Number of protein chains: 2
Amino acid sequence: MDTRELRYFVAVADELHFGRAAQRLGIAQPPLSRAVSQLERRLGVVLLNRTSRAVTLTDAGAVLLHEGRMALDAMEAAEQRTRRAAAASAGDGGIVLAIKAGASAELLAKLLHAHAAEPGAVPVDVLLCGPAQQGPLLRTGSADVAVLHLPFDDTTGLDTDELVTEGQVVVLPSGHPLAAHRALRLGDLADVPGLPHPRWPRPDGSYPDGPGPEVRDHTQLLQLISLGRTLFVAPDSVRAQLRDDVVAVPVVDAPLVTTVIAWPPHSRSLAVAALVRTALRL
Amino acid sequence: MDTRELRYFVAVADELHFGRAAQRLGIAQPPLSRAVSQLERRLGVVLLNRTSRAVTLTDAGAVLLHEGRMALDAMEAAEQRTRRAAAASAGDGGIVLAIKAGASAELLAKLLHAHAAEPGAVPVDVLLCGPAQQGPLLRTGSADVAVLHLPFDDTTGLDTDELVTEGQVVVLPSGHPLAAHRALRLGDLADVPGLPHPRWPRPDGSYPDGPGPEVRDHTQLLQLISLGRTLFVAPDSVRAQLRDDVVAVPVVDAPLVTTVIAWPPHSRSLAVAALVRTALRL
DNA sequence: TCCGACCGATACCCGTGCGGTATCGGCCAG
DNA sequence: CTGGCCGATACCGCACGGGTATCGGTCGGA
């Protein structure tokens, strides 16, 4: 199977529309139709049910969409890591650590400090990324190690070690009535008048519908909270970054958040192994 | 990156010889040279150091060999699983379980029996394979679930659950002086006169050098043992399959063998999940 | 009921690029 | 110094991918 055919099929399966998929791929529609039916002929499997009004996935098509995405990720990972290996042996660039921007700041600082103190430590490039981006970055080879947070991030197919587990707090405007409580429950936060939950961008950049404000980063978020426009549930450790115009109140029934360090399962990099070892000693 | 170029590069990196690699791929040598240097140009990375007498891998080339193998496995897995998904929804064929031929026979029988008793159980095709083949079969999508044995099999990149842990025994001809012992150590078995360790075939079918007899399966092996030509160290559970012309003696310092059930980390198959659940209940 | 819009498939043409053969250039052995 | 080995280069023919034009089928609205 060819990557081209697979990329084409994934685009069609995503869009369920040959025209839009062709546009996304930057080609015309007829070659796309041809390539997909050629793939079906090669596999001997019907992947899509087409009518002139709708395109739907068959069971086999759903499998290929899922498995094919992994395979394309693996291809991209091979390419990225090869490029980075070449850059590394040319002397510039070290290993890349991906972490959600604004998360586990203190832990990250301690980790980088401890790592730098090791003899023969490889330089670490920190890649601050959006929510739930660390896993894909690892899987596509754009990063060598990542810090991620269960149960939010998906670790399937990655090797991990646990670093810390913590409860969650809700961050509220300091003047708000709820801020006076010693503890809260998720039910108390579901429909607070005037404090809707914020809306984060999806991977494709669009925002879900809802009443809350659209946010892109933590600075923006904290400002919106201090303005009394929204609230925010996050792990305990965000407290270290809060100023006194906002208040953190424990949420007793929020799921525990486990911070883990993760790497691709077949990693052979000694540098990654050393960094993980350092992290586990913290 | 194209699968064709990657397959070509992997072949050259394996053989470290363009001519042999071309032969293995079934093409002439010049297109192969061209494809590999085109890949290098596309990546902007030197993968091979060539002289007219020898070809060696660069660091980046070693990375691409490793990562590229994984990526090609993933591509093949996508293809295989799609084909099998189509066959499954056509009604024929169930999930494929890979297990080393002759290993954990009793456990396998219990598992299959328990699974068959479940309501709505999917049929299970058992794929008996050679040593250390289960991992690759899972990774290339030829199997959905496998039983493997630590520390012999490589589980990197697979999700696993432990089933049982057991010690090892040495299987000896019943008349042999060592057979009278209650327990033995690995050191006692290293150089037993007249009883060299058997030689198993490598994945490519060739045999390593050594004094022991070449063996291909357990029947052959047991026959050679009863003939007094070799001995064999294996997990406790092989005892169930022994006849009285051979004797099993515990090896006290042999590594413990853990039997695990494994599946690809991103498996979404409910049938696999059900089989794993059944296995854990045993 | 019919027309128009939408959507995927088909027909046909053109250019890129893959694979083949022939040959070159460098390197070690005898 | 020469023959043999090995990878690179040169050149050619054809298959295949991508483009435009068009068809066939289906739904919605007048």
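The structure presented is a predicted model; accordingly, all values stated were derived computationally and were not measured. In the text below, chain A, chain B and the rest are named by the order of the sequence lines, each starting its count at 1.
Rounded to an integer number of Å, the gap from CZ of A/F9 to C1' of D/dG17 is 20 Å. With rounding to whole Å, B/R50 atom CZ is found 15 Å from C/dG25 atom C1'. The CD atom of A/Q23 sits 14 Å away from the C1' atom of C/dC7 (whole-angstrom rounding). One atom, CG of B/L16, and another, P of D/dC5, lie 20 Å apart when rounded to the nearest Å. The CG atom of B/N49 sits 18 Å away from the P atom of D/dC6 (whole-angstrom rounding). For the pair B/L48 CG and D/dC6 P, the computed distance is 16 Å after rounding to whole Å. If you measure from atom CG of A/L39 to atom P of D/dC16, you get 16 Å, rounded to the nearest angstrom. Taking atom OH of B/Y8 as the reference point, atom C1' of D/dG7 lies 17 Å away to the nearest angstrom.
When the nucleotides C/dA9, C/dA22, D/dG19 are ranked by their closest atom to the side chain of B/P30, C/dA22 comes out on top.
Within the model, atoms CG of A/L150 and OG1 of A/T155 stand 5.5 Å from one another, a figure rounded to the nearest 0.5 Å. One distance of note links CZ of A/R229 with CG of A/L221; it measures 13.5 Å at 0.5 Å rounding.
Phosphate proximity of D/dG18 to A/R4: present, with a side-chain N or O under 4.0 Å from OP1 or OP2. Put simply, A/Q38 has a side-chain N or O that comes within less than 4.0 Å of OP1 or OP2 on D/dG17. Contact annotation: A/R34 does not reach the phosphate of C/dT10 (side-chain N/O to OP1 or OP2, under 4.0 Å). OP1 and OP2 of C/dC27 both lie 4.0 Å or more from every side-chain N or O belonging to B/T51. An OP1 or OP2 oxygen of D/dA8 is reached within less than 4.0 angstrom by a side-chain nitrogen or oxygen of B/S33.
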Could you walk me through whether B/K100 and B/L148 satisfy the side chain to side chain contact (heavy atoms under 4.5 Å, CB included) test, starting with their C-alpha distance in whole Å, then the side-chain angles of each, then the deciding distance to 0.1 Å, before giving a yes or no? CA-CA 7 Å; B/K100 207 179 308 177; B/L148 20 89; over 6 Å; no
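Checked against a 6.0 Å centroid threshold, the rings of A/F232 and A/H218 count as neighbours.
The two residues B/A77 and B/G141 make their nearest non-hydrogen contact at CB-N, 3.6 Å.
For A/R53 against D/dG25, no side-chain N or O and base N or O form a donor-acceptor pair under 3.5 Å.
Between A/D2 and A/Q29, it is A/D2 whose nearest contact on DNA chain D lies nearer the 5' terminus.
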